[in-house]
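Worksheet for the structure shown next.
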Amino acid sequence: MNNYDHKKIEKKWQGVWEKSKIYEAKTGGKGKTFYGLIEFPYPSGAGLHVGHIRSNTAMDIISRKRRMEGYNVLYPIGWDAFGLPTENYAIKMGIDPAKITKTNTDVFRKQLKSVGFGFDWSREIDTTNPAYFKWTQWIFLQMYKKGLAYKHRTTINWCPKCKIGLANEEVVGGVCDRCESPVEKREKEQWMLAITKYADRLDKDLDKTKYLEKIKIQQRNWIGKSEGSEIEFPIKDSLEKIKVFTTRADTIFGATYVVLAPEHDLVTKLKPQISNSKEVEAYIKAVKDKTDIDRTSDDKEKTGVELKGIRAINPANGEEVSIWIADYVLATYGTGAIMAVPQHDERDRDFATKFNLPIIDKPLVDTKEITDKVGGKIVTKYKLRDWVFSRQRYWGEPIPIVHCDRCGYVPVPEKELPILLPKVKSYVPTDNGESPLAIISKWVNTTCPKCKGKAKRETDTMPNWAGSSWYFLRYTDPKNKKEFASKKALKYWMKNGVDWYNGGMEHTTLHLLYSRFWHKFLYDMKLVPTSEPYMKRTSHGMILAEGGVKMSKSIGNTVDPKEIVALYGADTLRIYEMFIGPFDQSVAWSTESIIGSRRFLDKIARIQDRVKNVKSDDVLEKSLHKTIKKVSEDIESMNFNTSVSSMMVLVNEMEKSQNIGIKDFKMFLQILAPFAPHITEELWQKLGEKKSIHKSSWPKWDKKKVVDENITIGVQINGKVRTEITIPVDINEEDIKTLVLKDKKVSEWIGEKPIRRVIYIKGRIINIVV
RNA sequence: GCCCGAGUGGCGGAAUUGGUAUACGCGCACGACUUAAAAUCGUGUCUCGUAAGGGAUGUGGGUUCGACCCCCACCUCGGGCACCA
């Protein structure tokens, strides 16, 4: 079935490339640089997924093209290895997560190498390696020192069945991701990172980047910037005031009541004046106990209680309005209080209707003027909230903080980093929702770095987003022991940040935002050269199983890349995954169709035998230059599917050609090389080349050869194509008109009818209106 | 509900962004080579029609000499957010 021995060829060249280190990036030099980045994989036990290959091949193609264009290219790889599946597997099997990680990364490395990616393996990093996470901890300490890391009592998600605290990303639709029991709330002290302090810059600086528009939009929606007014509603017979936030100050004359979030501070303060405080307290407690499922349940019927005995005053007209608490007002957004305008707001209207509150229609006023008049001010608010940074888990970076009864929280001195994970017998979290580290008293008990008294280590660990928030910096200088990366290396590779970063849309609001935040912090510390980490960000679509459903182990519809590589070869797999469909869209896998990509490569290997030291047929030469142009442009816009198809067209043409010149065939091999690195290298060197094709120069298309002298265009009568005509490309409008009107078919169609108009679009179409 | 995408043959998809709709690939059918099979090559393959010709890009309307592409209304699917005032 196969014409060339892919097993032999691919193994051979992978060995040669590794020995000659052609993909290793040297820091320094005068030439231009290119830093291409893919999201480093999580080395799961399932092994490499065909989706990894799709995104890795795309950036591999871009990196290889850049190298051939004369750039010094950095295309690194590593492992985002802290994470829950590893920990859960460790719990189940009682194996050290570090051992599992080692096994898994070994498998991943081998698999990635078998596909022939041009990664610089000498820069491989692993977030679970102490030499790496030392710097993750170090960056955390710098944030702590600048007041960006703080401890805060907040509610966490608690799974009553697994008896563990869950991370937000482990809660899917209000239930535990592992056992599907409804998640409850528990209060706990948590480490937080003040990402909201950067909200404005995270929004604004998107303008500096070349991210795909949809990525910018999604980030902006998540940050949720909105301008509005803060206005105070005085409480009657009290010195207290209720500060509300509204984007519709212009509707203030329609405000007929005020609502506080149940958790609002004022509720406690005003307690002595509230006549129904028992009812109020019962409501607050009920809200607190509500699970996420209850709060977001389908009917979303509004609930709330009036604070009887107190009234607020609408500052716009001096009228008294009632005060309520209701859980449809969120404590964490705005001021935690709103003025309700049932006439203009659907939620307020629902509430007002249910509790018989007045709904009045008043004329609108100017927002700015009224805000001024009532003594309010225009403010900007964000939906973004601070980042809950602690996890009650074993398999993460220990947070380098010590708690001392006398000194409070004390950062671990930098020279004591890294704080290593102790060996434990069980990785199961404890009953009270604390990390398994909490029961290792030998590790927990320590001395306070400040007063040398007794102290305890922080037992929470960092989320898996920590290590990935700065890994791209480490690649520039992965073995540095003194700094997370030298300024020289950072400046050399990241003059504009990472030049091109491709990844999944699912990381747009978490990883992408988190790493931008860390980077901005490091920029403020003058430790990195740019305020934005990534210049360009693009995204790939998912590969679905046959039939368009998700690939999953439990359904048993996964595809193992290993088998495809064994059967058809890595080059075929790469070509197939690029040809499968538009890169940014989800596509369904089809094992049946792979053969087409293999046939394409077989054809090329066969054509090689017919290549001679002659001048190619003119038509073929033209097609070649058109294809060089098309492929060169398509790679830049990530239209890999059409570049493959245009090369297929060219190869089909070669088959029919009499003369295929060696020079032209080599140029074709060069543009195919990034897609199919093994077979092109084999054929290239068979043609007498001694240097690797991947170190050769990207071919240039000849401008004269991409235009035809004669072209065939359609001839329309009244907008319908009736025939076609072949004309010289530079024919003038008058000549083509007379030529067309002389045409037999055309005159038949026109008959006696008078010609009203003739429209000629150069090189495209001619339309005769009768 | 809001914000992004997408809807084209039996299937994956292409269309120079307003100019010959269905490139390329899979599949299927027939033929060549072969004792035979595989591989390979050739021909055909949106639809109705013997043909001339007509009809088709989710649906209905509009703009235009001309619409898969632009505008309006709607339907379906995928992704994100979701009581954010």
Side-chain angles (χ1 to χ4, degrees), chain A residues 1-3 212-218 220-222 224-226 228-229 244-249 251 255 259 295-296 300 302 326-330 332-341 344-348 350-351 381-385 504-506 508-509 539 541-542 544 546 548 575-576 579-582 584-597 599-600 602-603 606 626 630 633 639 641-652 655 712-725 756-770:
Chain A
M1 151 187 120
N2 299 327
N3 282 15
L212 290 185
E213 203 50 38
K214 63 174 174 182
I215 296 174
K216 288 191 192 182
I217 289 169
Q218 207 167 302
R220 288 214 156 99
N221 287 346
W222 184 263
K225 180 176 182 168
S226 82
S229 313
V244 305
F245 174 70
T246 177
T247 54
R248 294 294 308 273
T251 64
V259 191
R295 275 202 74 159
T296 52
K300 280 182 190 171
K302 299 267 182 297
D327 68 353
Y328 83 91
V329 173
L330 306 176
T332 47
Y333 182 75
T335 58
I338 61 155
M339 62 175 208
V341 186
H344 290 280
D345 185 286
E346 208 179 317
R347 295 153 302 181
D348 295 344
D350 287 349
F351 191 82
K381 298 282 182 193
Y382 301 89
K383 287 182 196 169
L384 187 70
R385 292 183 212 163
M505 278 310 278
E506 71 274 19
T508 304
T509 48
S539 71
M542 275 198 303
L544 305 168
E546 309 213 18
I575 293 277
Y576 172 66
F579 186 58
I580 191 169
D584 60 343
Q585 277 171 43
S586 294
V587 283
W589 182 266
S590 165
T591 299
E592 200 181 57
S593 304
I594 299 171
I595 189 67
S597 302
R599 283 180 190 149
F600 167 60
D602 281 338
K603 260 186 224 177
R606 263 185 274 120
K626 281 184 201 163
K630 170 108 181 117
E633 288 166 357
N639 295 125
N641 54 334
T642 50
S643 21
V644 173
S645 88
S646 70
M647 288 189 281
M648 285 174 168
V649 173
L650 180 68
V651 167
N652 290 344
E655 276 201 309
T712 304
I713 64 165
V715 179
Q716 295 184 332
I717 315 256
N718 288 341
K720 294 219 170 196
V721 179
R722 294 304 180 187
T723 181
E724 53 185 35
I725 187 167
R756 287 197 4 230
R757 235 175 115 184
V758 179
I759 298 151
Y760 173 57
I761 307 295
K762 197 166 179 271
R764 298 248 188 270
I765 204 134
I766 181 153
N767 188 12
I768 301 158
V769 187
V770 295

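Letters go in sequence order (proteins before strands), and every chain restarts at 1.
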Looking at every strand, decide which applies to A:Lys214 at a 4.0 Å heavy-atom threshold: base, sugar-phosphate, or nothing.
-> sugar-phosphate

Whole angstrom value for the distance that separates C1' of B:G13 from CZ of A:Phe579 | 8 Å

If pairing requires Watson-Crick or G-U wobble contacts with both distances under 3.5 Å, which nucleotide is the partner of B:U20?
-> none

Sub-4.5 Å side-chain heavy-atom contact between A:Val758 and A:Ile766 | yes

Using a 4.0 Å heavy-atom cut-off across all strands, classify A:Lys216 as base, sugar-phosphate, or nothing.
-> nothing

Go ahead and name the base partner of B:G78; Watson-Crick or wobble counts if both distances stay under 3.5 Å, otherwise write none.
-> B:C4

Please confirm whether any donor atom in the side chain of A:Lys302 sits under 3.5 Å from an acceptor in the base of B:C83, or the reverse.
-> yes

Please tell me if the side chains of A:Leu384 and A:Trp222 come closer than 4.5 Å, counting only heavy atoms from C-beta onward.
-> yes

Shorter than 3.5 Å, N or O on both sides, protein versus nucleotides 43-50 of chain B: list them out with atom names.
none

Protein-nucleotides 62-68 of chain B N/O pairs closer than 3.5 Å?
residue : atom : partner  : partner atom : Å
B:C65   : OP1  : A:Arg757 : NH1          : 3.3
B:C65   : O2'  : A:Asn767 : ND2          : 3.3
B:C65   : O2   : A:Asn767 : ND2          : 2.4

Describe the nucleic acid contact of A:Ser645 in one word from base, sugar-phosphate, nothing, applying a heavy-atom distance below 4.0 Å.
-> base

How would you list, by chain and number, every residue that makes a side-chain hydrogen bond (donor to acceptor under 3.5 Å, both in side chains) with A:Ser226, sequence neighbours excluded?
-> A:Tyr333

Scan A:Ser226 against the nucleic acid and name what it touches under 4.0 Å (heavy atoms): base, sugar-phosphate only, or nothing.
-> sugar-phosphate

Atom CD of A:Glu724 to atom P of B:A21: distance rounded to whole Å?
-> 11 Å

Atom pair distance, as rounded to whole Å: NZ in A:Lys626 and C1' in B:U16 | 12 Å

Taken to the nearest whole Å, CD1/A:Ile768 to P/B:U20 is 16 Å

In whole angstroms, the gap separating C1' of B:G80 from CD of A:Glu213 amounts to 16 Å

With a 3.5 Å cut-off and just heavy-atom distances, do the side chain of A:Arg764 and the base of B:U16 make a donor-acceptor pair?
-> yes

Nearest listed nucleotide, side chain of A:Val721, among B:A21, B:A14, B:G19 = B:A21

Give a yes or no answer on whether the side chain of A:Asp348 reaches the backbone of A:Val341 with a donor-acceptor pair at less than 3.5 Å.
-> yes

A:Tyr576 vs A:Trp589 aromatic rings, parallel, tilted or perpendicular, using cut-offs 30° and 60°?
-> perpendicular

What distance, rounded to whole Å, do you find between the two P atoms, one in B:C69 and one in B:U59?
-> 11 Å

Here the distance between atom P of B:A14 and atom CD1 of A:Ile580, to the nearest Å, is 12 Å

What is the nucleic acid contact for A:Arg606, judged by heavy atoms within less than 4.0 Å: base, sugar-phosphate only, or nothing?
-> sugar-phosphate

Using a 4.0 Å heavy-atom cut-off across all strands, classify A:Glu506 as base, sugar-phosphate, or nothing.
-> nothing

Would you classify A:Asp584 as touching base, sugar-phosphate or nothing, given that sugar-phosphate means primed atoms plus P, OP1 and OP2, and contacts are heavy atoms under 4.0 Å?
-> nothing

With A:Lys302 as the cation and A:Tyr328 as the aromatic partner, state whether NZ or CZ is under 6.0 Å from the six-membered ring centre and within 45° of the axis.
-> yes

